[in-house]
> 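First the structure, then my questions, so here it is.
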Amino acid sequence: MQISMPIRTPSLVSRRRLLEEKLIGLHKWTDLKQVKQVHAQILKANLLQDLSVAPKLIAAFSLCHEIALAVNVFNQIQQPNVHLYNTLIRAHVRNSQPSQAFATFFEMQSKGVYPDNFTYPFLLKACSGHSLYPMVQMIHTHIEKFGFCSDIFVPNSLIDSYSKCGSFGVNVARKLFMVMGQRDVVSWNSMISGLVKAGELGEARHLFDEMPERDTVSWNTILDGYVKAGEMNKAFELFEKMPDRNVVSWSTVVSGYCKAGDMDMARMLFDKMAVKNIVPWTIIISGYAEKGMTKEAISLYDKMEEAGLRPDDGAVISILAACAESGLLGLGEKVHASIKRTKFKCRTSVSNALVDMYAKCACLDKAYSVFDGMARRDAVSWNAMLQGLAMHGHGEKALQLFSRMNEEGFAPDKVSFISILCACSHAGFVEEGLQYFYTMERDYGIIPEVEHYGCVIDLLGRGGRLKEAFRLVQSMPMESNAIIWGTLLGACRMHNAVDLAGEVVDHLIKLEPSDVGNFSMLSNIYAAAGDWDSVSNVRLQMRRIGIQKPSGSSSIEVDEEVHEFTVFDKSHPKSDKIYEMIDRLVQDLKQVGYVPKAYQ
DNA sequence: ATAGGGTTAG
């Protein structure tokens, strides 16, 4: 290598040549420190205005998630060309800021710089990550007007973007695919992947069979189709007869078994993998975490780090989400520690995942400290924090945060209102909650959805205003669902409204005929009212229908082990002793004046 | 072009 040759006094020319050699791979660098060093060297050598150097620097900053630095470099260039604009558009896309990407596109046009074959695919990528159907259409119009369809790369991107915009988009993609004069393997793969995403597995399989030639990506795509449809037998059959299997193929089946809850099979395949990158580790760790198998999840996380793999943003977000769902504080803290070891600041979505995890694990102070330390917050950050406060009964604090959100200029969205209404109902602020519900549409232009009605029904129900709640269910502009009736049933139990409960359960069993929870709730209500005939009647009904579906469960983490339990749970070997203990506790509670809502 | 990716009422 020339670089390692001893050079004592490099002339300006050779120094410049050395720098140029370094710059060849610059656009792929991910180490911010190194990129900053080279940036300084470029400035010193007066190379920044060189239009083959600046795009590489922008790309490198973008790969380090330093979009501000990338924009800064761009703004210093006196005469940006298409290539430079394309690089900035790509940087915005990578940073999940489609609106910035489009702003750059419009600026470029106003400066008289014409887009090229690369501009449109980048812009289309910006849309497909966010399903911006109208934007895809707009670009499509541009492309047809300027006639860029000759390059197969462009129509392929169109098919990919359209097919990621819901079922209507898939139709457009299908038509484009049909009229394409020339197709390569990417065209076929894009179309098949779109059909798989839209749930059209049959048609996807048909195209797969018709393809003139298939590569590993084609096989992986159709394999994922079976995995997404939950058809693990067919998926595994396909996996075994694939001509070539790569990391993606293996990861796909491992993920399928995780989703199906077959952790043994998932683990067996995972252990068999010869080549592993961060993705399969993420899949298996999240899989264990989701099932509450803390020990396995933590031990694999340690093994992953021992193997020298650092979790990237995707891994962190995915594992933290699984921790949040199952309440695995221990693993969540471990992930947080890994982040703190390697990064000074995280991307907004990573901090959001941390806030959500801490909030769901009831560590509200830690959630708050991450939230307060964030450089930039988006709607998700506010909503995760609001929801955490609401969920754990801190109604007052949730409302305070809601005001702060408004003061700082963040418009609450429909999710924020779910949290606010939930906060009011858990804190017993019935009138305030109703007022917030009314302001939604009036002041913020957000049309209440079934979830919001659900919160208000809970609000009224908990507040004892059962009749109003019931009337609201009947007068809402949309169909009621099992969650709504379940909410109402919970309220009936709380206020011993026996007659109404029977009526509610009638609706409920039509929607969830095999859910034990509904029956046990009804039986509790009759028991609380001392109506033992009705209790045995419900029991009889339960047996007649035959209950297959397990009811909802609660879980608690003790000594790094998650314990899960359901209503009437008798599965624990010491369950007699446990119920004895509960009896004693209830007796003690009664002595100090507690009246149990349902007890038998 | 294919695998993992924050917030949503009981």
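What you see is a predicted model; the values in this text were computed from it and never measured.
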> Which label fits A:Phe371 and A:Tyr368: parallel for a plane angle under 30°, tilted from 30 to 60°, or perpendicular past 60°?
perpendicular
> With respect to the phosphate group of B:dG4, does any side-chain polar atom (N or O) of A:Lys276 fall under 4.0 Å of OP1 or OP2?
no
> Taking atom P of B:dG5 as reference, at what distance in whole Å does atom CG of A:Leu354 sit?
17 Å
> OP1, OP2 of B:dA3 versus side-chain N and O of A:Lys259: anything below 4.0 Å?
no
> Check every atom of B:dA1, B:dG10, B:dT7 against the side chain of A:Ser190 and return the nucleotide holding the closest atom.
B:dA1
> Whether the side chain of A:Asn352 and the base of B:dG6 hold a donor-acceptor pair under 3.5 Å is what I'd like checked.
yes
> Which part of the nucleic acid, if any, lies within reach of A:Asp215 when heavy atoms closer than 4.0 Å are counted: base, sugar-phosphate only, or nothing?
base
> Measure from the side chain of A:Thr221, starting at C-beta and using heavy atoms only, and say which of B:dA9, B:dT2, B:dG6 lies closest.
B:dT2
> With the threshold set at 4.0 Å, does a side-chain nitrogen-carboxylate oxygen contact exist between A:Arg267 and A:Glu296?
no
> Could you tell me whether A:Met178 atom CE has more than 12 heavy atoms of other residues or ligands within 6.0 Å of it?
no
> For the atom pair CZ (A:Arg214) and CH2 (A:Trp219), what is the distance rounded to the nearest 0.5 Å?
6.0 Å
> Is B:dG4 syn or is it anti, if syn means the base angle is within 90 degrees of 0?
anti
> Once you measure the plane-to-plane angle for A:Trp382 and A:Phe410, does it fall in the parallel (<30°), tilted (30-60°) or perpendicular (>60°) bin?
tilted
> Using the side-chain heavy atoms of A:Cys422, tell me which of these nucleotides is nearest: B:dA9, B:dG4, B:dT7.
B:dA9
> Does A:Arg183 make a cation-pi contact with A:Phe177, if we ask for NZ or CZ under 6.0 Å from the ring centre and within 45° of the axis?
yes
> For A:Ser318, which contact category applies under a 4.0 Å heavy-atom criterion: base, sugar-phosphate, or nothing?
sugar-phosphate
> Can you measure A:Tyr453 atom OH to B:dT8 atom C1' for me and round it to whole angstrom units?
17 Å
> What's the CD1-C1' distance between A:Ile418 and B:dT8, to the nearest Å?
4 Å
> From the list B:dA1, B:dA9, B:dA3, which nucleotide is the closest neighbour of the side chain of A:Asn481?
B:dA9
> So is A:Lys276 actually on top of A:Phe270's ring, under 6.0 Å and inside 45° of the axis?
yes
> Mind checking A:Arg245 for me? I need base, sugar-phosphate or nothing, with any heavy atom below 4.0 Å counting as a touch.
nothing
> Regarding A:Val227, tell me which of base, sugar-phosphate or nothing describes its non-hydrogen contacts under 4.0 Å with the strands shown.
nothing
> Of the nucleotides B:dG6, B:dA1, B:dA3, which has the atom closest to the A:Val185 side chain?
B:dA1
> Can you measure A:Glu451 atom CD to B:dA9 atom P for me and round it to whole angstrom units?
8 Å
> Quick one: the side chain of A:Asn383 and the base of B:dG6, do they pair up donor-acceptor inside 3.5 Å?
no
> Taking the side chain of A:Ala321 as heavy atoms from C-beta outward, which of B:dA9, B:dG10, B:dG6 is closest to it?
B:dG6
> Among B:dT2, B:dA3, B:dG10, which nucleotide has an atom closest to any side-chain atom of A:Ser193?
B:dT2
> Give the nucleotide from the list B:dA9, B:dA1, B:dT2 with an atom nearest to the side chain of A:Lys125.
B:dA1
> Would you classify A:Gly490 as touching base, sugar-phosphate or nothing, given that sugar-phosphate means primed atoms plus P, OP1 and OP2, and contacts are heavy atoms under 4.0 Å?
nothing
> In whole angstrom, what separates A:Tyr162's OH from B:dA1's C1'?
19 Å
> For A:Glu325 and B:dT8, what is the distance between atoms CD and C1' respectively, to the nearest whole Å?
14 Å
> According to a strict under-4.0 Å criterion, is A:Lys197 in side-chain N/O contact with OP1 or OP2 of B:dT2?
yes
> Identify whether any heavy atom of A:Thr487 sits under 4.0 Å from a base atom; if not, whether one sits that close to sugar-phosphate; answer base, sugar-phosphate or nothing.
sugar-phosphate
> For A:Ala482, which contact category applies under a 4.0 Å heavy-atom criterion: base, sugar-phosphate, or nothing?
base
> Nearest of B:dA3, B:dG10, B:dT2 to any side-chain atom of A:Ile283?
B:dA3
> The side chain of A:Asp313 lies closest to which of these nucleotides: B:dG5, B:dA9, B:dT7?
B:dG5
> Could you state the CG-P distance from A:Leu223 to B:dG4, rounded to the nearest angstrom?
11 Å
> Can you check whether any acceptor in the base of B:dA3 is under 3.5 Å from a donor in the side chain of A:Asn277, or vice versa?
yes
> Could you tell me the separation between the CD1 atom of A:Ile278 and the P atom of B:dG4, rounded to a whole number of Å?
14 Å
